[in-house]
Q: 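Below are the structure tokens for one structure; questions will follow.
Note that ligands are numbered from 1 as they come in the structure, with each ligand's atoms numbered from 1 the same way. Numbers here are sequence positions counted from 1. Hydrogens, waters and symmetry mates are skipped; everything else that's a heavy atom, side chains included, is used.
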Amino acid sequence: MPQISLKNINITFKQKDKVLEAVKNVSLDIQKGDIYGIVGYSGAGKSTLVRVINRLQVPTKGQVIVENQNVNQLKGRKLRDLRHKVGFIFQHFNLMNSRTIAENVYYPMFNTETKNRKARVQKLIRLVGLQGKENAYPAQLSGGQKQRVAIARALANNPSILVSDEATSALDPKTTQEILQLLKKINQELGVTIVLITHEMDVVKTLCNKVAVMNAGQVVEKNNILNIFSNPKNELTKDFINTTNNSTNAIETLSQQTKFQELSKTNRLFQLTYLGESAEHPFIIDLYNRFGISASIIYGNIEFIQGTPLGNLIITIDGQLNRIEEIKQYLADNQISLNEIDFSKIK
Ligand SMILES: Nc1ncnc2c1ncn2[C@@H]1O[C@H](COP(=O)(O)OP(=O)(O)OP(=O)(O)O)[C@@H](O)[C@H]1O
Ligand SMILES: [Mg+2]
């Protein structure tokens with residue numbers, strides 16, 4: 001049973017004479033312990049969608065189940081309990097500027113006995129690495145520190161789910177990494193499920209175990225991270241992945257060189273992607289032995305995604321290529337994908 005189950009969610013906004021469909025028939029299952037990424041460009045419907053999790057937004061159609069409860073039917077105390085279960089953090093922190101850090105964290109705390117609240121505030125401030133800043137005001141903190149306060153506040157009621165809506169978008173790359181590591185720690189040590197909205201695929205790569213890609217209100221692709229990065233199906237997903245991938249730059253550089261332009265015209269320039277155990281497969285020797293063709297590597301990038309190597313090579317192939325479909329199939333059987341590089345598609 002998933003911890004969060006969104007079933008056929010539609011959300012429409014009525015404006016004067018037109019109807020805007022912000023979310024269209026989205027279904028997502030999020031398991032306990034997931035760090036589930038939701039990626040998409042501005043206006044895709046990401047924020048609107050996640051707001052149904054604690055009923056800040058009521059779907060026009062569809063069902064929201066959180067920890068076995070039908071969210072759309074909750075009232076009174078049960079709705080309050082649900083809201084304690086789901087913490088939110090945002091791009092602009094939303095702190096109360098006239099209150100100290102400790103007060104910001106104390107303020108929303110309800111489901112801890114009053115006499116224990118101060119101690120819990122201390123514990124949360126330590127957890128996010130802000131000890132010593134209890135009596136400072138938000139204006140005295142850096143962006144990264146403000147987001148740490150917002151995280152401590154979001155954890156005040158011991159939620160089992162934390163929704164992060166572009167929480168690192170206003171931060172520099174180093175601070176972004178620090179906040180992402182803090183979220184990872186919260187996921188691992190406290191077992192909090194994280195739903196993470198972002199438009200940066202790098203953030204997804206660093207942190208998430210699953211991802212859904214949204215476009216114009218719809219989820220166009222969803223999968224675990226390894227599958228998405230090694231075998232993206234949708235064009236938008238590919239665009240997002242290319243933003244994190246050095247081989248796109250390499251292909252662009254090659255496309256400006258006459259020699260490679262010629263190779264590309266004769267279909268002799270390929271991108272080869274492999275994952276995990278297929279990394280150990282001696283495919284270059286294999287291509288020679290089985291098909292009589294020799295491949296040479298022009299560019300290579302290997303990175304680890306959740307501990308599994310993902311390789312991206314650009315190769316040229318020499319020899320008879322009339323069996324190319326057979327070659328592709330042979331490689332595909334070994335979890336290696338081979339795609340011709342077409343310079344005309346470079347934007
Ligand atoms: N309360 C509302 N009333 C009318 N339209 C809305 C409302 N909230 C959102 N929208 C519209 O719904 C669409 C989706 O908005 P949403 O904020 O969910 O996108 P998003 O993917 O979170 O974008 P961003 O990355 O910019 O935050 C947009 O066209 C937006 O203008
Ligand atoms: Mg948004």
Q: Where is the nearest protein heavy atom to atom 23 (O) of ligand 1: which residue, which atom, and how far?
A: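 Protein heavy atom with the smallest distance to atom 23 (O) of ligand 1: Gly43 N, 2.8 Å.
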
Q: Check each atom of ligand 1 against the heavy atoms of Gln15 and keep those under 4.0 Å away; list them by number with element.
A: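 That gives atoms 4 (C), 5 (N) of ligand 1.
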
Q: How far is atom 10 (N) of ligand 1 from the closest protein heavy atom, and which atom is that?
A: Phe13 CE1, 3.5 Å

Q: Please confirm whether Ala44 comes within less than 3.5 Å of ligand 1 when only nitrogen or oxygen atoms on both sides are compared.
A: yes

Q: Find out if a path of hydrophobic residues (ILVMFWY) with successive side-chain heavy-atom gaps under 4.5 Å connects Val39 to Ile194.
A: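 Different hydrophobic clusters.
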
Q: Return yes if some donor-acceptor pair links the side-chain N/O of Asn72 with the main-chain N/O of Val52 below 3.5 Å, else return no.
A: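 No, Asn72 side chain to Val52 backbone: no donor-acceptor pair under 3.5 Å.
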
Q: Does Leu130 belong to the same Ile/Leu/Val/Met/Phe/Trp/Tyr cluster as Leu171, with side-chain heavy atoms less than 4.5 Å apart forming each link?
A: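 They do share one cluster, since a chain of ILVMFWY contacts under 4.5 Å joins Leu130 to Leu171.
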
Q: What's the shortest distance from atom 16 (P) of ligand 1 to any protein heavy atom, and which residue and atom give it?
A: Thr48 OG1, 3.4 Å

Q: Which atoms of ligand 1 are found less than 4.0 Å from any heavy atom of Ala22?
A: 12 (O), 13 (C)

Q: State whether the side chain of Glu166 and the backbone N or O of Leu196 hold a donor-acceptor pair below 3.5 Å, judged by distance alone.
A: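 No: the side chain of Glu166 does not pair with the backbone of Leu196.
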
Q: Which protein N, O or S atoms does the Mg ion (ligand 2) have within a distance shorter than 2.8 Å?
A: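 Near the Mg ion (ligand 2), the protein supplies Ser47 OG.
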
Q: Run the salt bridge (charged side-chain N to carboxylate O under 4.0 Å, His left out) test on Arg268 and Glu262 for me, step by step, so that the C-alpha distance in whole Å, both residues' side-chain angles and the decisive distance to 0.1 Å come before the verdict.
A: CA-CA 9 Å; Arg268 284 171 194 272; Glu262 291 308 313; over 6 Å; no

Q: Which of the atoms in ligand 1, numbered in the order shown and given with their element, are less than 4.0 Å from a heavy-atom of Leu20?
A: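 Selected atoms, number and element: 11 (C), 12 (O), 13 (C), 29 (O).
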
Q: Surrounding CG of Leu79 (heavy atoms of other residues, nucleotides or ligands, distance under 6.0 Å), is the total greater than 12?
A: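 Yes, the 6.0 Å shell around CG holds more than 12 heavy atoms from other groups.
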
Q: Scan the protein's non-hydrogen atoms and note whether one is under 4.0 Å from atom 14 (C) of ligand 1.
A: yes

Q: What protein heavy atom lies closest to atom 25 (O) of ligand 1? Include the residue and the distance to one decimal.
A: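 That would be Lys46 NZ, 2.8 Å.
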
Q: Would Ser160 and Glu67 count as a side-chain hydrogen bond (donor to acceptor under 3.5 Å, both in side chains) if you check the C-alpha gap in whole Å, the side-chain angles of each, and the deciding distance to 0.1 Å?
A: CA-CA 10 Å; Ser160 50; Glu67 298 182 355; 2.7 Å; yes

Q: For atom 19 (O) of ligand 1, which of the options Ser42, Gly45, Ser47 provides the nearest non-hydrogen atom?
A: Gly45

Q: Could you state the interatomic distance from NZ (Lys184) to CD1 (Ile179), rounded to the nearest 0.5 Å?
A: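 With rounding to 0.5 Å, NZ (Lys184) is 14.5 Å from CD1 (Ile179).
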
Q: Cluster question for you: counting only ILVMFWY and a side-chain heavy-atom cut-off of under 4.5 Å, with indirect links fine, are Leu6 and Val58 together?
A: no

Q: Tell me whether Gly40 reaches ligand 1 (any heavy atom closer than 4.0 angstrom to a ligand atom).
A: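 Per 4.0 Å heavy-atom rule, Gly40 does not contact ligand 1.
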
Q: Does the pair His84 and Phe110 meet the rule for a ring pair (Phe, Tyr, Trp, His ring centres under 6.0 Å), with working shown?
A: CA-CA 8 Å; His84 291 163; Phe110 294 107; 5.6 Å; yes

Q: Test Asp202 against Thr244 for side-chain hydrogen bond (donor to acceptor under 3.5 Å, both in side chains), laying out the working first.
A: CA-CA 6 Å; Asp202 263 327; Thr244 73; 4.7 Å; no

